[in-house]
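Report on the following structure.
FYI, the numbering just counts along the sequence from 1. In listed order, ligands and their atoms are each counted from 1. All heavy atoms count here, side chains included; hydrogens, waters and symmetry mates do not.
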Amino acid sequence: MTTQHILIIEDDERIGSTLLRALVGSGYDARWERTGERGVSAVGEQRPDLILLDLGLPDGDGLDVCRRIHRDDASLDIVMLTARDEELDVVVGLDAGAVDYITKPFRLAELLARIRAQLRRRDPRPAAPEVVGDLRLEAPARRIWRDGAELELRAKEYDLLARLLADAGNVVSRETLMSDVWDENWIGSTKTLDFHIAALRRKIDGDRDASRITTLRGVGYRFEVL
Ligand code: CA
């Protein structure tokens with residue numbers, strides 16, 4: 001499967017950098033531009049699968065950017081990022097051709113889910129079950145089986161295991177796991193992460209001697225491909 005390309009057009013440093021990090025961490029090829037002008041030329045350089053567009057840009061109205069992009073290619077999907085008090089803009093934005101909008105401040109987990117939904121909508125093929133060793137994951141159903149028996153996973157355990165499986169064989173950093181599974185605004189102890197890893201190990205390792213989830217102390221975790 002080819003990596004999906006997402007273009008972020010957003011002038012807010014914090015939001016832009018958070019989005020870029022989260023999208024790259026989720027396996028997307030993401031690019032971040034801070035002005036409408038640069039955003040429009042970025043579209044010309046590489047056609048994005050999805051565009052996240054801020055409405056209040058330093059060099060003009062995001063709605064104009066939306067219209068300009070669609071003048072060249074009306075099939076490009078644009079998700080607008082808008083502040084809560086710009087409700088009228090949402091209506092106008094959807095009129096201008098945006099496929100969805102996210103109000104700020106947003107939860108990163110929700111934004112990522114909306115992005116996945118948009119990209120899925122573009123790709124009508126059902127997601128094939130993913131197999132890693134003796135584990136089989138069906139993302140649309142949020143179910144994971146081991147040796148044909150379904151694992152009874154709590155919501156966060158599923159999210160965490162699915163995230164590790166997505167990068168099976170590679171280390172996933174603690175920061176990425178915290179931001180992808182618990183979202184960027186998580187302020188609790190990262191002990192929660194270790195606690196959930198321990199719970200997952202009990203459920204997926206069975207009577208194995210060594211855990212399939214390797215701890216890289218101070219770095220993160222890696223799901224071992226056996
Ligand atoms: Ca802005």
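Contact record, Val79 with Gln118: CG2-CG, 4.1 Å, taken as the closest heavy-atom pair.
Considering just the N/O/S atoms of Asp11, the one nearest the Ca ion (ligand 1) carries the name OD1.
Here the angle at the Ca ion (ligand 1) defined by OD2 in Asp54 and O in Gly56 stands at 80°, rounded to 10 degrees.
Atom CE of Met178 sits about 9.5 Å away from atom CG of Leu160, to the nearest 0.5 Å. Rounding to the nearest 0.5 Å places CZ of Arg174 at 8.5 Å from CG of Leu177.
Using a 4.5 Å cut-off on side-chain heavy atoms (C-beta onward), Phe106 and Ile15 make contact.
At a cut-off of 3.0 Å, Asp12 is not counted among the residues with an N, O or S atom near the Ca ion (ligand 1).
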